[in-house]
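See structure below.
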Amino acid sequence: MAISKKKNTPVEKGANTWSGRFDEPVSELVQRYTASIDFDRRLADHDIQGSLAHARMLSDAGIIDANDLAAIESGLGRIRDEIRNGEFVWRLDLEDVHLNIEKRLTTLIGDAGKRLHTARSRNDQVATDVRLYLRASIDDIVRLIRAMQHALLDLAEQHVDTVMPGFTHLQVAQPVVFGHHLMAYFEMLKRDTERLSDCRRRMNKLPLGAAALAGTSYPINREMVAAQLGFDGVCENSLDAVSDRDFAIEFCACAALIMTHLSRLSEELILWMNPLFGFIELADRFCTGSSIMPQKKNPDVPELVRGKTGRVNGHLVALLMLMKAQPLAYNKDNQEDKEPLFDTVDTLTDTLRIYADMLTGVRVKPGAMRQAAMRGYATATDLADYLAKKGLPFREAHEAVAQAVNFADKCGRDLSALTLPELRNFSPLIDNDIFAVLTLEGSINSRNHIGGTAPAQVRAAVSRARKSLS
Ligand code: ARG
């Protein structure tokens with residue numbers, strides 16, 4: 001882009017004084033400090049979209065004439081092309097995206113360009129632009145989440161029978177199937193999508209018409225602008241319309257949760273690919289080596305997802321802090337909403353994109369998972385349940401099994417490797433049918449209800465999930 005990063009950006013004499021109201025221009029430092037053009041030019045397309053809708057309404061309401069509208073439409077069309085082709089010259093002395101575009105329009109079409117700003121202010125303009133930008137970003141993000149859900153489903157479907165240890169406190173707890181574990185993340189992403197669409201629905205109201213803060217004396221038609229821009233309605237209080245950034249905070253909260261979910265999965269991928277677990281391998285394209293230790297394959301991508309989650313969660317806090325002491329209505333503080341917001345969108349978008357691909361490159365090692373499930377007495381609860389079902393109060397069953405585990409541990413054997421007489425030392429209720437119960441398959445198959453880890457249930461969960469995506 002053509003923005004000048006040079007220290008002494010040539011500025012037309014007087015171009016950076018606001019008006020006859022000012023006796024001197026701002027210093028170069030103040031100009032740089034107050035300008036947002038370096039980052040808000042990403043709103044250009046939405047700014048033009050908003051201006052076109054506003055201009056059509058002005059003309060429809062008889063506030064500008066048809067010739068002005070035609071000139072504005074062709075001028076803004078040309079500016080859109082200039083920006084897309086990288087020919088547009090962004091000027092720091094024109095502060096932000098709105099003034100840059102307006103100035104260029106006036107240069108191109110003269111007085112008609114100067115009439116565009118009738119009945120609006122940059123305050124309602126920027127609030128509109130950000131909503132349009134974020135609405136489009138949410139639609140992209142929802143699509144990316146969906147792609148990742150498909151990748152999760154594909155992997156889960158291949159592993160409805162793959163037994164692994166389920167953990168609590170990161171200690172072996174009970175056997176589960178890998179597909180069930182993956183489907184937990186599907187559920188998280190499903191809630192994330194619901195949250196985003198809820199956030200989108202609340203965001204989808206038009207601020208334009210609020211003008212600076214109090215509305216405008218022109219006979220505007222806000223519903224017409226709203227309809228053109230695809231908003232479901234208008235913001236119903238002008239002060240709120242220009243000062244509200246709830247929608248940005250809500251979005252960042254949604255994003256923080258999504259990243260938190262991806263960070264948890266990343267942590268698991270990192271653990272699972274550690275050779276001490278050895279449950280999975282990640283495709284090489286997501287790993288890097290070490291410059292000194294030739295044996296290393298480091299899970300850099302999941303580690304960075306974990307790291308970037310801190311950054312995105314920080315942006316949420318930044319926006320909350322930005323808003324917490326602002327009196328109504330618009331304050332320049334609000335200009336600071338953009339960088340955290342844009343970075344949140346970029347980081348989340350890249351992370352989701354990378355994740356869908358990374359999941360397709362996960363190589364699962366069922367043997368290692370199974371071995372790990374065999375260690376750690378994962379079926380101890382099944383033995384306790386067996387005794388309880390035979391009439392022993394669960395607390396007593398728990399104690400009997402605790403003793404059996406202690407014994408097995410001392411002999412270095414699994415519960416299923418104890419003989420019947422050995423097992424009966426801990427409870428005479430134990431019979432030959434216990435051995436089916438103590439196997440990994442016996443354990444997982446017994447958890448056969450909705451939400452349980454039985455392969456039949458996981459298969460059903462995958463197919464319900466597929467339907468919900470189609
Ligand atoms: N660049 C400004 C922002 O992002 C636009 C609104 C400026 N309004 C004002 N009254 N100075 O918030």
Side-chain angles (χ1 to χ4, degrees), residues 1 3 9 11 15-22 25-27 29-51 53-54 79 83 88 90-106 114 116-137 203 206-216 235 238-249 251-252 315 318-346:
M1 289 269 175
I3 187 163
T9 314
V11 175
N16 65 348
T17 50
W18 276 96
S19 63
R21 174 77 178 80
F22 291 77
V26 295
S27 71
L29 176 60
V30 169
Q31 190 174 88
R32 195 154 46 76
Y33 195 74
T34 53
S36 52
I37 189 60
D38 266 335
F39 47 86
D40 70 8
R41 58 188 153 151
R42 106 154 48 188
L43 296 173
D45 250 356
H46 302 294
D47 195 68
I48 290 172
Q49 196 189 347
S51 288
H54 178 68
I79 291 171
I83 294 170
F88 192 91
W90 298 102
R91 285 174 44 181
L92 191 73
D93 60 305
L94 291 173
E95 199 179 298
D96 60 21
V97 64
H98 324 292
L99 295 178
N100 266 269
I101 290 176
E102 188 183 321
K103 179 76 178 176
R104 177 72 184 137
L105 186 65
T106 305
K114 295 184 188 164
L116 172 61
H117 210 53
T118 313
R120 81 173 178 187
S121 146
R122 278 187 298 156
N123 298 352
D124 56 346
Q125 191 178 352
V126 71
T128 304
D129 292 3
V130 177
R131 285 182 193 234
L132 287 173
Y133 161 80
L134 216 43
R135 191 179 70 185
S137 303
M203 178 186 306
L206 174 78
L208 268 181
L213 75 163
T216 172
C235 299
S238 63
L239 296 164
D240 182 48
V242 291
S243 69
D244 169 41
R245 293 295 181 273
D246 289 4
F247 61 90
I249 295 174
F251 169 78
C252 284
H315 292 328
L319 289 194
L320 287 166
M321 299 310 283
L322 178 68
M323 298 310 295
K324 78 175 189 46
Q326 283 195 47
L328 294 182
Y330 176 86
N331 300 282
K332 185 76 166 182
D333 312 37
N334 280 352
Q335 183 165 288
E336 285 290 304
D337 64 355
K338 290 173 198 58
E339 284 166 294
L341 199 56
F342 295 164
D343 189 67
T344 298
V345 169
D346 292 345

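Atoms within each ligand, like the ligands themselves, are counted from 1 in listed order.
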Seminar exercise, completed: Sorted by chain and number, sequence neighbours left out, salt bridge (Lys or Arg N to Asp or Glu O under 4.0 Å) with R120 holds for none
Seminar exercise, completed: For D96, the atoms of ligand 1 under 4.0 Å from one of its heavy atoms are 1 (N), 2 (C), 5 (C)
Exercise. Among protein heavy atoms, which sits nearest to atom 2 (C) of ligand 1, and what does the distance come to when rounded to 0.1 Å?
Worked result: Q335 OE1, 3.3 Å
For this session: Provide, to 0.1 Å, the distance between atom 11 (N) of ligand 1 and the closest protein heavy atom, together with that atom's residue and name.
Result: R122 NH2, 3.4 Å
Exercise. Quick one: does R122's side chain get under 4.5 Å of H117's, heavy atoms only?
Worked result: yes
For this session: Heavy-atom distances under 4.0 Å are what count here, so tell me which part of E95 touches ligand 1: side chain, backbone, both or neither.
Result: neither
Seminar exercise, completed: closest protein heavy atom to atom 7 (C) of ligand 1 is Y330 OH, 3.5 Å
Exercise. Between R131 and D244, is there a side-chain N and carboxylate O pair less than 4.0 Å apart?
Worked result: yes
Seminar exercise, completed: Per-atom filter on ligand 1: closer than 4.0 angstrom to a heavy atom of K338 are 3 (C), 4 (O), 12 (O)
Exercise. Among protein heavy atoms, which sits nearest to atom 8 (N) of ligand 1, and what does the distance come to when rounded to 0.1 Å?
Worked result: N123 OD1, 2.9 Å
Problem set entry | Close side-chain approach of R104 and L94, heavy atoms under 4.5 Å | no
Seminar exercise, completed: Tested for side-chain hydrogen bond (donor to acceptor under 3.5 Å, both in side chains) against D47, the lone hit among H98, R42, R41 is H98
Exercise. Yes or no on side-chain contact (heavy atoms from CB on, under 4.5 Å) for D124 and S121, after CA distance, side-chain angles and deciding distance?
Worked result: CA-CA 6 Å; D124 56 346; S121 146; 3.7 Å; yes
Exercise. With atoms numbered from 1 as shown, which atoms in ligand 1 lie under 4.0 angstrom from a non-hydrogen atom of S36?
Worked result: 1 (N)
